[in-house]
Amino acid sequence: MTLTRLALAAAALSTLTVTACATMQVNSFVERGVDITRYRTYHWAPADAQSTGDPRLDNNTFFGERIQAQVDKWLGDRGFEKINADGPDLVAHYHASVTQEVNPNGLDEPYLNPCANDQTTCDPPEPYVFDAGTIVVDLVDARTKRLVWRGWAEGSIEGAIDDQAFMERRIDEAVARIMEQLPRGL
Amino acid sequence: MRRLTQLTLAAIVMTAITGCATMSVSSHVERGLDIAKYHTFDWGPADALPLGDARLDKDPFFLDHVQGAVEKAMAARGLEWAATGTPDVRIHFHANISERIDIDQTDVNRGYCPGEGCTPATVSYEAGTLVIDLMDARTNRLLWRGWAQNSVKGMLENQDTMARQIDEAVTRMFERFPRPL
């Protein structure tokens, strides 16, 4: 009996976790007519002077360097070479921002309330506020200075900044999903 | 009289508990950092200490109190203020006040509904963040960053409240300070 309950609780918990991950929105665009695979080398543009919108992340090298290291890993796997000398084909740039968002959670749709038929024992969903984070990765043609590829991911980072290991996992996941969008060779 | 004292004490304790519950404190640290290599510290140049809010920029009490609290916490961990020469660690701090929103469920949960279909209220408040950075003075790399966030309500008008908040923020931040390896 207890075991069944435990299993149910575990199932509910894992569903929650899966849902939380699934809320990450990922997208990208490529400049029309550009074949990204003809570029070979890149380097990083100087760090962003803009605020991220969260003082905990502004000038936070633990955060910025994790993003860069992950992007480096993915670009390396795709055959791009990072060079520190002048004259790379691409200039890479990242930007991160944090904003507060409200999840009304059914507040506007009482007919979706799962507790409509069971007011006594069911806890209705409650609206909540969360921190949403966006990471943008740009690849710019070093000669023409035109943006040739942009990928981004957006999702809840609630609790992530205050937990360094969790933040790193969240960055790794976001960058992986962004870089998967990078077009492969024809 | 004695009863009054007890009541006052209870009120103070309650306030302290509520105050603690809302301040969130955390930190980031360089992987593999051995703090035992560092012995002396100094503050970064004044121009490298931009504050995010004019109300704090013009408040020498705020600046002094933060510096005092941090110096005390550093001393307690065996780091000495470098009167001369190059320090091992350079400290920067940054304070910021920004508008944040929260959802107040209290009325709804207590069954008290102020009309309008009994929906939770969205409240906005001013959140203050105090960030303290410890940099390696030679390499200029960030070693540790600690921060505390809390509503600044009542803090800007009252020096005692501000002093208490700063003390709590710095004390709790430094509880997370890296231990020697």
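Heavy atoms only: backbone and side chains are in, while hydrogens, waters and symmetry mates are out. Protein chains get the first letters and strands the later ones, always in sequence-line order, with residue 1 at the start of each. Nothing here was measured: the structure is a model prediction, and the numbers come from that model.
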Same hydrophobic cluster for [X] and [Y], using side-chain heavy-atom links shorter than 4.5 Å among ILVMFWY?
{"X": "A/V91", "Y": "A/V30", "value": "no"}
{"X": "A/Y39", "Y": "A/Y42", "value": "yes"}
{"X": "B/V66", "Y": "B/L134", "value": "yes"}
{"X": "A/V140", "Y": "A/V175", "value": "no"}
{"X": "A/L90", "Y": "A/V136", "value": "no"}

What part of A/E168 lies closer than 4.5 angstrom to a heavy atom of chain B: side chain, backbone, both or neither?
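For A/E168, side-chain heavy atoms alone lie under 4.5 Å from chain B.
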Charged N-O contact under 4.0 Å between A/D162 and B/R176:
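So A/D162 does not pair with B/R176 through a salt bridge.
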More than 12 non-hydrogen atoms from neighbouring residues, nucleotides or ligands closer than 6.0 Å to CD on B/E80, yes or no?
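Counting other residues, nucleotides and ligands, CD of B/E80 stays at 12 neighbours or fewer.
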Evaluate whether atom CG of A/D77 has more than 12 neighbouring non-hydrogen atoms of other residues, nucleotides or ligands under 6.0 angstrom away.
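Atom CG in A/D77 is packed in, count exceeds 12.
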Taking B/V29, B/L130, B/D133 one by one, which has the highest count of heavy-atom pairs under 4.5 Å against chain A?
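So the answer, after comparing B/V29, B/L130, B/D133, is B/V29.
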Chain A contact via B/Q149 - side chain, backbone, both or neither, heavy atoms under 4.5 Å
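Looking at B/Q149, just its side chain touches chain A.
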Please look at B/L143 and chain A and tell me whether the side chain, the backbone, both or neither of the residue comes under 4.5 angstrom of a heavy atom of that chain.
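Backbone of B/L143 only, per the 4.5 Å heavy-atom cut-off to chain A.
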Can you name the closest pair of heavy atoms from B/I101 and A/V129 and give their distance?
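Nearest pair, atom of B/I101 first, then A/V129: O-CG1, 3.6 Å.
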Applying a criterion of heavy atom separation less than 4.5 Å, what residues of residues 51-62 of chain A form contacts with chain B?
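So far as heavy atoms go, A/P55, A/R56, A/L57, A/D58, A/N59, A/N60, A/T61, A/F62 are the residues that approach chain B to under 4.5 Å.
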